[in-house]
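Heads up, the thing below is written out as structure tokens.
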2 protein chains.
Amino acid sequence: MIRLSPTEENYLKAIFKLTEEAERPTATTNAIATEMNIAAASVTDMLRRLSEKELIHYEKYKGVRLEVSGRKIATALVRKHRLWEYFLVEKLKFEWDEVHDIAEELEHVRSDELVNRLDEYLGKPNFDPHGDPIPRADGTIPTRQLTPLSALKVGEHGILTGLQDHPDSLMRYLRKVNIGIGTKIQVLELHDFDESISIRIDDEKEMELSEKVSKNLLLKIS
Amino acid sequence: MIRLSPTEENYLKAIFKLTEEAERPTATTNAIATEMNIAAASVTDMLRRLSEKELIHYEKYKGVRLEVSGRKIATALVRKHRLWEYFLVEKLKFEWDEVHDIAEELEHVRSDELVNRLDEYLGKPNFDPHGDPIPRADGTIPTRQLTPLSALKVGEHGILTGLQDHPDSLMRYLRKVNIGIGTKIQVLELHDFDESISIRIDDEKEMELSEKVSKNLLLKIS
DNA sequence: TACAATTTTTAGACTGCTCTAAAAATATTT
DNA sequence: AAATATTTTTAGAGCAGTCTAAAAATTGTA
Ligand SMILES: [Mn+2]
Ligand SMILES: [Mn+2]
Ligand SMILES: [Mn+2]
Ligand SMILES: [Mn+2]
């Protein structure tokens with residue numbers, strides 16, 4: 001296996017996120033540039049080089065997708081990232097909105113043995129603190145059937161199991177109102193004026209959620 | 001506090017090792033180059049830049065030493081390095097000869113909160129798996145009174161508490177013959193032909209050690 | 001003290017990754 | 001289909017960090 005720089009790894013990860021995780025066939029130069037906060041010209045340059053190394057399939061003006069070798073590296077990175085997030089939350093007691101940036105650095109530490117032992121130490125978890133699946137050593141990815149809270153009808157309920165997107169701002173908000181992975185949420189009322197909804201949390205507190213929030217909460221229906 | 005690249009951090013760490021840890025007033029360009037496996041010309045270049053940032057005191061041809069700000073960064077790095085080594089051995093069950101290279105990468109992860117929580121999680125250890133002192137958050141460094149095994153007389157004994165140098169080859173050898181930090185060692189015989197010695201390990205097994213090994217074992221006399 | 005050996009610095013070049021500005025290609029609208 | 005807008009690539013440059021070769025300074029020795 002070739003040794004890539006953290007920078008190259010980050011490009012592969014961005015492409016993975018924009019294709020496989022977004023369920024799109026290819027990623028565009030601009031999308032990668034935006035995702036990585038970088039100029040489009042820099043992306044073009046790197047795509048040429050990653051293509052040279054046969055990690056991606058790239059044709060000028062036609063977008064890009066991962067080759068098998070590139071996907072392998074990307075899933076390994078995502079695996080490391082999410083295992084470290086799990087470690088930070090479960091062992092070091094960080095909050096779920098504090099761990100992403102640290103994991104962003106930890107994911108580039110190179111040692112297969114380290115990942116394996118960490119996985120073992122953590123009890124081979126399948127999902128990270130944000131509910132995202134942790135790719136397995138063989139590259140396969142755990143799946144579940146999740147429904148956005150916004151799609152539920154009055155009276156229905158489920159367990160919060162994942163987030164559509166997870167900006168820190170959303171996670172901080174949820175933390176403040178005591179909603180997290182594992183929280184039971186029941187729909188009490190739908191307000192069709194602004195698509196906001198009234199819910200009951202863990203069979204206790206009632207509160208309102210905006211449409212934007214309810215679309216972001218993914219539930220396992222129970 | 002300024003943000004340095006991993007490379008700049010590594011230079012500061014090398015200078016720290018060659019001055020404070022080696023109990024020398026200054027480090028030479030060549031010594032740094034050798035320590036870091038890098039050309040002397042590259043070192044000169046970087047010294048100019050670190051000097052510009054007031055992290056080191058450097059005069060052409062006269063060697064270099066750390067400024068207060070540089071020392072602070074260096075001790076923080078050593079602290080992180082050794083805490084991670086402790087984590088790898090105590091929690092992930094790595095052997096003491098397997099952790100240095102991994103810690104070399106982990107030490108560059110930037111998060112004060114991470115170091116603090118790791119320290120807490122590990123029980124604020126004072127020494128790493130090789131017996132080296134772990135600098136505290138305030139920059140002070142735990143000390144002990146240690147004696148090389150080679151300086152002991154027949155009949156004397158002590159507990160192995162540190163190593164003078166610790167190349168992997170030495171650590172693997174010690175592991176194979178069941179000597180590690182905490183092992184009780186008693187001197188049975190001195191062979192003045194080659195300065196080798198006969199010892200008893202943990203009041204059980206007897207064996208011979210070469211002069212080179214016995215000079216490297218630092219004991220707390222008991 | 002002068003010559004030789006060693007160490008250190010300078011000069012100049014290269015790679016990886018980034019940028020801005022401009023050109024080219026593609027997509028959208030009229 | 002032509003004009004316009006958008007996206008992508010190319011061109012050219014800069015910075016950090018590295019190298020080798022050569023020059024300069026320092027140190028050791030005759
Ligand atoms: Mn994350
Ligand atoms: Mn996550
Ligand atoms: Mn080490
Ligand atoms: Mn150590």
Side-chain angles (χ1 to χ4, degrees), chain A residues 1-15 18-19 22 24-66 70 73-74 77 104-105 107-108 110, chain B residues 2-15 17-19 22 24-66 70 73-74 77 104-105 107-108 110:
Chain A
M1 205 182 270
I2 343 125
R3 273 176 82 83
L4 302 184
S5 69
T7 308
E8 291 171 309
E9 291 183 335
N10 282 336
Y11 276 92
L12 294 177
K13 192 155 61 88
I15 297 166
L18 294 168
T19 55
R24 294 232 154 63
T26 58
T28 66
T29 300
N30 256 9
I32 297 167
T34 303
E35 170 69 25
M36 298 184 73
N37 265 303
I38 227 173
S42 309
V43 175
T44 302
D45 209 67
M46 181 59 91
L47 292 183
R48 209 179 20 70
R49 270 142 48 200
L50 292 174
S51 182
E52 195 60 43
K53 296 188 181 183
E54 309 214 298
L55 295 165
I56 61 175
H57 184 270
Y58 167 59
E59 280 178 272
K60 282 204 279 189
Y61 298 103
K62 302 233 170 132
V64 64
R65 60 171 191 274
L66 295 174
I73 293 168
L77 268 174
E104 208 63 31
E105 299 196 42
E107 75 190 6
H108 298 291
R110 277 179 254 262
Chain B
I2 343 121
R3 273 177 80 84
L4 302 184
S5 69
T7 309
E8 291 171 309
E9 291 184 334
N10 282 335
Y11 277 92
L12 294 178
K13 192 156 61 89
I15 297 166
K17 182 171 179 184
L18 294 167
T19 55
R24 293 229 154 64
T26 58
T28 65
T29 300
N30 255 8
I32 297 167
T34 303
E35 171 68 26
M36 298 184 72
N37 267 304
I38 227 174
S42 311
V43 175
T44 302
D45 210 65
M46 180 59 91
L47 292 184
R48 208 177 22 70
R49 271 148 38 203
L50 292 175
S51 183
E52 194 60 43
K53 297 188 180 182
E54 310 215 295
L55 295 164
I56 61 174
H57 185 269
Y58 167 59
E59 279 178 273
K60 281 205 279 190
Y61 297 105
K62 301 235 171 126
V64 64
R65 62 171 190 277
L66 295 174
I73 293 169
L77 267 174
E104 208 62 34
E105 299 197 41
E107 75 191 5
H108 297 291
R110 276 182 258 257

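Below, each value reflects all heavy atoms present in this structure, side chains not excepted, and no hydrogens, waters or symmetry copies. Proteins get letters first, then strands, A, B, ... in listed order; numbering begins at 1 in each.
Taking side-chain N and O atoms only, A:Thr44 has no distance below 4.0 Å to OP1 or OP2 of D:dT10. In this structure, A:Asn30 reaches the D:dT8 phosphate: one of its side-chain N or O atoms is under 4.0 Å from OP1 or OP2. Here A:Tyr58 does not reach the OP1 or OP2 of D:dT8: none of its side-chain N or O atoms lies under 4.0 Å away. The phosphate of C:dT7 has neither OP1 nor OP2 within less than 4.0 Å of any side-chain N or O from B:Thr28.
At a threshold of 4.0 Å, the pair B:Glu8-B:Lys53 counts as salt-bridged, since one of the basic side-chain nitrogens sits closer than that to a carboxylate oxygen. One finds a salt bridge joining B:Glu104 and B:Lys13 here, because a Lys/Arg side-chain nitrogen approaches an Asp/Glu carboxylate oxygen to under 4.0 Å.
Out of C:dC17, D:dT18, C:dT10, the shortest distance to the side chain of B:Lys60 is found at C:dT10. Ranking C:dT8, D:dT9, C:dC17 by closeness to the A:Arg49 side chain, first place goes to C:dC17. Counting only heavy atoms from C-beta on, A:Ser42 has its side chain closest to C:dT18 among C:dC17, D:dA16, C:dT18. The nucleotide whose nearest atom lies closest to any side-chain atom of A:Met46 is, among C:dA24, D:dT20, C:dC17, C:dC17. For A:Ile38, the side-chain atoms get nearest to C:dC19 when compared with the rest of D:dT8, D:dC19, C:dC19. Here the side chain of B:Thr7 is nearest to one of C:dT18, D:dT8, D:dG17, namely D:dG17. For A:Ala41, counting side-chain heavy atoms from C-beta on, the closest listed nucleotide (C:dC19, D:dC19, D:dT18) is C:dC19.
Atom pair B:Leu4:CG and D:dC15:C1' shows a separation of 16 Å (rounding to whole Å applied). One interatomic measurement links the two molecules: CG of A:Leu47 to P of D:dT10, which rounds to 11 Å at whole-angstrom precision. Distance, B:Tyr61 OH to D:dA25 P: 6 Å, rounded to whole Å.
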